[in-house]
Amino acid sequence: MNWNFLQHPDQLQDILKESSEKNILIFKHSTTCSISRATLSRLERNWKDDEVDVKSYFLDLLTYRELSNKIAEQFDVAHQSPQVLLIRHGKSIYDRSHFDIDFMQIKTELKN
């Protein structure tokens, strides 16, 4: 996966703008959580860039917890860890957490 690292609150405005032209995926990761590590590993192993048209953002939510809270507020999605959000036209159209994060489901959502 080609991750763009989400580290600054002003990047949320960029995501809002980008999402009007391209699907955006945000992965919120806890570096101390074994479930988060396993979910991230499974997602990256199964990810196929040629099968999806999406720009992917990675958030280390322990380092950037305030930013994680802003994401939850901006997209009206309860904070989870790990968590994936798909953003289209400035709105979260899909979110999953823990072992519900699955490449095939994400791929299906991106085709809708």
Side-chain angles (χ1 to χ4, degrees):
M1 290 185 77
N2 296 319
W3 291 114
N4 295 280
F5 293 95
L6 192 46
Q7 301 171 326
H8 304 285
D10 57 326
Q11 287 177 282
L12 288 180
Q13 292 306 311
D14 296 337
I15 287 171
L16 289 172
K17 290 176 189 173
E18 291 172 332
S19 73
S20 66
E21 299 172 10
K22 186 174 192 85
N23 293 305
I24 304 294
L25 178 140
I26 299 173
F27 185 87
K28 294 167 61 175
H29 176 61
S30 173
T31 56
T32 61
C33 173
S34 61
I35 293 172
S36 192
R37 266 192 315 277
T39 302
L40 176 61
S41 176
R42 186 179 67 178
L43 183 63
E44 289 181 328
R45 278 192 322 269
N46 291 294
W47 194 265
K48 295 170 180 57
D49 283 324
D50 61 337
E51 292 185 19
V52 291
D53 183 24
V54 66
K55 184 171 183 180
S56 302
Y57 284 89
F58 181 93
L59 175 68
D60 173 346
L61 67 88
L62 295 181
T63 303
Y64 301 102
R65 179 56 195 249
E66 187 175 315
L67 184 51
S68 179
N69 291 340
K70 286 182 184 274
I71 290 168
E73 182 181 321
Q74 175 72 50
F75 298 109
D76 195 28
V77 175
H79 166 78
Q80 298 277 336
S81 169
Q83 185 175 39
V84 161
L85 290 84
L86 290 179
I87 310 301
R88 185 180 294 148
H89 300 292
K91 298 186 185 322
S92 175
I93 60 162
Y94 174 88
D95 68 275
R96 293 293 183 274
S97 65
H98 297 82
F99 289 120
D100 288 337
I101 298 171
D102 179 77
F103 172 71
M104 293 307 289
Q105 288 180 343
I106 292 169
K107 184 176 148 180
T108 298
E109 285 299 318
L110 289 170
K111 289 181 179 180
N112 291 338

### Task
Might you point out which heavy atoms bring Ser92 and Ile87 nearest each other, and give the distance in Å?
CA-CD1, 3.8 Å
### Query
Below 4.5 Å, heavy atoms only, C-beta onward: do Leu16 and Phe75 meet side chain to side chain?
yes
## Note on the structure
dist Ser19:OG -> Asn23:CG (nearest 0.5 Å) comes out at 9.0 Å
### Query
Is there side-chain contact between His89 and Ser20, with at least one heavy-atom pair below 4.5 Å?
yes
#### Entry: OH on Tyr94 to OG1 on Thr108, rounded to 0.5 Å
8.5 Å
### Message
Same cluster or not: Ile15 versus Phe58, using hydrophobic residues (I, L, V, M, F, W, Y) connected whenever any side-chain heavy atoms lie under 4.5 Å apart?
### Response
no
### Query
Is Asp53 close to Lys22 at the side-chain level, that is, under 4.5 Å between some pair of heavy atoms?
yes
### Task
Treating Ile, Leu, Val, Met, Phe, Trp and Tyr as nodes and any side-chain heavy-atom pair under 4.5 angstrom as an edge, say whether Val52 and Met1 lie in one connected cluster.
yes
#### Entry: Where Leu6 and Tyr64 come nearest, the two heavy atoms and their spacing
O-CD1, 4.0 Å
### Query
Does atom NZ of Lys111 have more than 12 heavy-atom neighbours, drawn from other residues, nucleotides or ligands, at distances under 6.0 Å?
no
### Summary
Paired with Pro82, the side-chain contact (heavy atoms from CB on, under 4.5 Å) test is passed by just one of Ile35, Leu40, Leu59, namely Ile35
### Message
For a 4.5 angstrom cut-off between non-hydrogen side-chain atoms, does Leu85 reach Ile24?
### Response
no
### Query
Ile26 and Val84: same hydrophobic cluster, using ILVMFWY side-chain contacts below 4.5 Å?
no
### Task
Taking the side chain as every heavy atom from C-beta outward, state whether Trp47 and Val54 have any pair of such atoms under 4.5 Å apart.
yes
### Message
Let me confirm one number: the NZ-CD distance from Lys28 to Gln80, rounded to the nearest 0.5 Å.
### Response
8.5 Å
### Query
Do Asn4 and Lys55 have side chains that get closer than 4.5 Å, going by heavy atoms?
yes
### Task
Identify whether Leu25 and Ile93 are in the same connected component of the hydrophobic contact network (ILVMFWY, side-chain heavy atoms under 4.5 Å).
yes
### Query
How many angstroms lie between CD in Gln105 and CG in Asp100, if you round to the nearest 0.5 Å?
7.0 Å
### Message
Within this structure, what is the CZ-OG distance for the pair Phe5 and Ser56, rounded to the nearest 0.5 Å?
### Response
11.0 Å
### Task
Could you pull out the closest heavy-atom pair between Gln7 and Leu67, with the gap in Å?
C-CD2, 3.7 Å
### Message
So Trp3 and Glu44, do their side chains get closer than 4.5 Å, heavy atoms only?
### Response
yes
### Task
Report yes or no: does Arg42 contribute a side-chain atom to a donor-acceptor pair with the main-chain N or O of Phe99 at less than 3.5 Å?
yes
### Task
Indicate if Val77 and Tyr57 have the same hydrophobic cluster label, given that clusters are the connected sets of ILVMFWY residues with side-chain heavy-atom separations under 4.5 angstrom.
yes
### Task
Please indicate whether Asp76 has more than 12 foreign heavy atoms, meaning atoms of other residues, nucleotides or ligands, lying under 6.0 Å from its CG.
no
### Query
Pick one: which of His29, Gln83, His98 meets side-chain hydrogen bond (donor to acceptor under 3.5 Å, both in side chains) with Ser36?
His29
### Query
Is there a donor-acceptor contact under 3.5 Å linking the side chains of Ser41 and Arg37?
no
### Message
Using 0.5 Å steps for rounding, measure from the NZ atom of Lys107 to the CG atom of Asn46.
### Response
10.5 Å
### Message
Could you check whether any side-chain heavy atom of Glu51 comes within less than 4.5 Å of a side-chain heavy atom of Phe103, counting everything from C-beta outward?
### Response
yes
### Query
When you look at CG of Asn112, are more than 12 heavy atoms from neighbouring residues, nucleotides or ligands closer to it than 6.0 Å?
yes
